[in-house]
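Everything on this sheet refers to the single structure shown next.
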Amino acid sequence: MASRSFTPFQLTATLFVALLATCHAGSIAVYWGQNDGEASLAETCASGNYEFVILAFLPKFGKGQTPQLNLASHCDPSSGGCRSQSKDIKECQSRGVKVLLSIGGGDGSYGLSSPGDARQVAMYLWNNYLGGASSSGPLGDIVLDGIDFDIELGSAKFWNDLATDLKNLGKNGGKTVLLSAAPQCPFPDEWDGGAISTGLFDFVWVQFYNNEECQFSAGRGAFMDAWKKWESVPAGKIFLGLPASKDAAGTGFVPAGELTSRVLPLVKGSPRYGGVMLWSKFYDDRTGYSSVIKSDV
């Protein structure tokens with residue numbers, strides 16, 4: 001076969017294409033619902049900045065409790081007021097945005113007492129939020145795309161049962177139920193670790209904030225050590241979870257310029273890289289963080 005020589009321009013272009021091939025385009029996920037004054041769901045999805053919107057939170061469920069949705073001042077679920085969100089949720093989904101409900105949170109009354117309790121919670125979520133038996137749940141006649149596990153307190157038991165039950169209900173009902181989790185960056189996570197180890201989670205958005213030992217400010221070595229451990233979990237894509245402003249978390253904020261120049265180049269080469277998760281829409285509205293980083297994620 002005859003040898004082929006490259007001009008300098010062709011060689012540069014070839015190397016550039018090869019470099020692009022080693023990087024993986026990512027998505028942005030954002031939590032919505034816990035702050036007064038943030039954009040509506042429809043406005044959030046119309047921005048085009050997010051591929052995932054996570055409704056925060058369902059902070060009360062399990063152990064015989066009546067589940068209770070909390071979307072701050074956006075709506076009052078006790079009077080059926082949150083059913084008005086159904087139009088916005090459907091509009092988000094029509095734009096291709098995946099909408100998930102986050103269960104748990106940093107402040108709430110939740111937990112599971114047994115595999116049977118997990119099954120009851122799974123059935124409640126399936127029937128009221130995922131297209132099961134109820135024609136109009138707390139958010140109206142919607143079918144959400146999945147459930148997010150943001151478990152930050154209480155017992156670590158039986159979350160694996162809940163994940164298994166949710167996936168099985170979806171499978172038996174002919175629907176894909178997406179599962180995501182938001183563990184803290186110290187590995188393994190105290191609460192979400194057992195559930196994630198089931199291999200059933202599609203997305204894991206790791207909170208690299210409010211954890212000084214493994215967030216980027218701890219140094220490149222400590223950060224990458226944590227990232228590589230999270231890459232090892234049997235899940236789909238791994239997201240870099242960050243606060244969208246200094247006010248959004250106690251520690252861990254990374255200025256947009258530093259994120260795009262110093263942090264993302266360290267993780268984008270991984271085939272497990274999924275993108276960036278932001279807490280939260282309220283803070284992103286005030287900084288424009290997602291708009292600045294989107295082209296680099």
Rounded to the nearest 0.5 Å, how far apart are [atom1] of [X] and [atom2] of [Y]?
{"X": "Glu190", "Y": "Leu153", "atom1": "CD", "atom2": "CG", "result": "10.0 Å"}
{"X": "Leu125", "Y": "Leu144", "atom1": "CG", "atom2": "CG", "result": "9.5 Å"}
{"X": "Asp150", "Y": "Ile147", "atom1": "CG", "atom2": "CD1", "result": "12.5 Å"}
{"X": "Ile54", "Y": "Asp145", "atom1": "CD1", "atom2": "CG", "result": "11.5 Å"}
{"X": "Arg286", "Y": "Asp247", "atom1": "CZ", "atom2": "CG", "result": "10.0 Å"}
{"X": "Ile103", "Y": "Leu162", "atom1": "CD1", "atom2": "CG", "result": "5.0 Å"}

Original post:
Which heavy atom of Ala222 sits nearest a heavy atom of Ala218, and at what distance?
Top reply: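 Smallest heavy-atom distance, with atoms named: CB-CB, 3.9 Å.
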
Is the side chain of [X] donor-acceptor paired with the backbone N or O of [Y] at a distance under 3.5 Å, no angle test?
{"X": "Gln65", "Y": "Ser109", "answer": "yes"}
{"X": "Asp117", "Y": "Lys63", "answer": "yes"}
{"X": "Gln207", "Y": "Gly241", "answer": "no"}
{"X": "Asn127", "Y": "Met123", "answer": "yes"}
{"X": "Trp191", "Y": "Gly154", "answer": "yes"}
{"X": "Gln85", "Y": "Pro138", "answer": "no"}
{"X": "Glu51", "Y": "Ile28", "answer": "yes"}
{"X": "Lys294", "Y": "Ser27", "answer": "no"}
{"X": "Asp161", "Y": "Ala118", "answer": "no"}

Original post:
Between Trp205 and Asp148, does a side-chain hydrogen bond (donor to acceptor under 3.5 Å, both in side chains) hold up when you go through it step by step?
Top reply: CA-CA 10 Å; Trp205 9 81; Asp148 174 63; 3.0 Å; yes

Would you say [X] has more than 12 foreign heavy atoms packed within less than 6.0 Å of its [atom1]?
{"X": "Glu212", "atom1": "CD", "result": "no"}
{"X": "Lys98", "atom1": "NZ", "result": "no"}
{"X": "Lys157", "atom1": "NZ", "result": "no"}
{"X": "Arg262", "atom1": "CZ", "result": "no"}

**OP:** Quick one: do Gln215 and Thr251 satisfy side-chain hydrogen bond (donor to acceptor under 3.5 Å, both in side chains)? Show the steps, please.
**Re:** CA-CA 8 Å; Gln215 61 198 36; Thr251 61; 3.2 Å; yes

Taking atom types as modelled and ignoring hydrogens, do the side chains of [X] and [Y] form a donor-acceptor contact shorter than 3.5 angstrom?
{"X": "Asn49", "Y": "Ser291", "answer": "yes"}
{"X": "Thr198", "Y": "Asn160", "answer": "no"}
{"X": "Ser280", "Y": "Glu38", "answer": "no"}

Original post:
Any side-chain heavy atom of Ile238 sitting closer than 4.5 Å to one from Val267?
Top reply: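 No, every pair of side-chain atoms sits at 4.5 Å or beyond.
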
Subject >> Residue pair Tyr273, Phe239: steps toward the side-chain contact (heavy atoms from CB on, under 4.5 Å) verdict >> reply: CA-CA 6 Å; Tyr273 169 78; Phe239 281 62; over 6 Å; no

**OP:** Test the Arg220-Phe216 pair against the cation-pi criterion, namely NZ or CZ under 6.0 angstrom from the six-membered ring centroid and within 45° of the ring axis.
**Re:**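 Here Arg220 fails the 6.0 Å and 45° test against Phe216.
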
**OP:** Write out all pairs satisfying ring-ring contact (aromatic ring centres under 6.0 Å, His included) with one or both partners inside residues 65-112, taking only residues at least two apart or from two chains.
**Re:**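 Qualifying pairs, neighbours excluded: Trp32-His74, Phe61-Tyr110.
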
Subject >> Residue pair Thr260, Val292: steps toward the side-chain contact (heavy atoms from CB on, under 4.5 Å) verdict >> reply: CA-CA 9 Å; Thr260 57; Val292 178; 5.9 Å; no

Subject >> salt bridge (Lys or Arg N to Asp or Glu O under 4.0 Å) partners of residues 70-95, not counting sequence neighbours, each pair once >> reply: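 Listed once each, the pairs are Lys90-Asp141, Glu91-Arg95.
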
Subject >> Centroid-centroid distance, Trp230 to Phe187, less than 6.0 Å >> reply: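 Yes, they do, as the ring centres are separated by less than 6.0 Å.
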
**OP:** Could you point out which residue of Tyr50, Tyr283, Phe253 forms a ring pair (Phe, Tyr, Trp, His ring centres under 6.0 Å) with Tyr289?
**Re:**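 Filter result, single survivor: Phe253.
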
Original post:
Stepwise, does the side-chain contact (heavy atoms from CB on, under 4.5 Å) test hold for Lys175 with Val143?
Top reply: CA-CA 10 Å; Lys175 170 184 164 50; Val143 178; 3.5 Å; yes

Original post:
Which pairs with one or both residues in residues 111-225 pass disulfide bond (SG atoms under 2.5 Å apart), sequence neighbours excluded?
Top reply: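 Counting only pairs at least two positions apart or across chains, the disulfide bond (SG atoms under 2.5 Å apart) contacts touching residues 111-225 are Cys185-Cys214.
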
Original post:
Would Gln184 and Asp189 count as a side-chain hydrogen bond (donor to acceptor under 3.5 Å, both in side chains) if you check the C-alpha gap in whole Å, the side-chain angles of each, and the deciding distance to 0.1 Å?
Top reply: CA-CA 6 Å; Gln184 311 292 314; Asp189 183 75; 5.1 Å; no

Original post:
According to the interplanar angle, ranging from 0 to 90°, do the rings of Tyr31 and Phe57 count as parallel (below 30°), tilted (30 to 60°) or perpendicular (above 60°)?
Top reply: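 Aromatic pair Tyr31/Phe57 classed tilted.
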
**OP:** Considering only NZ, NE, NH1 and NH2 on the basic side and carboxylate oxygens on the acidic side, decide whether Glu43 and Lys281 come within less than 4.0 Å.
**Re:**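 Not counted as a salt bridge, because no side-chain N and carboxylate O are separated by less than 4.0 Å.
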
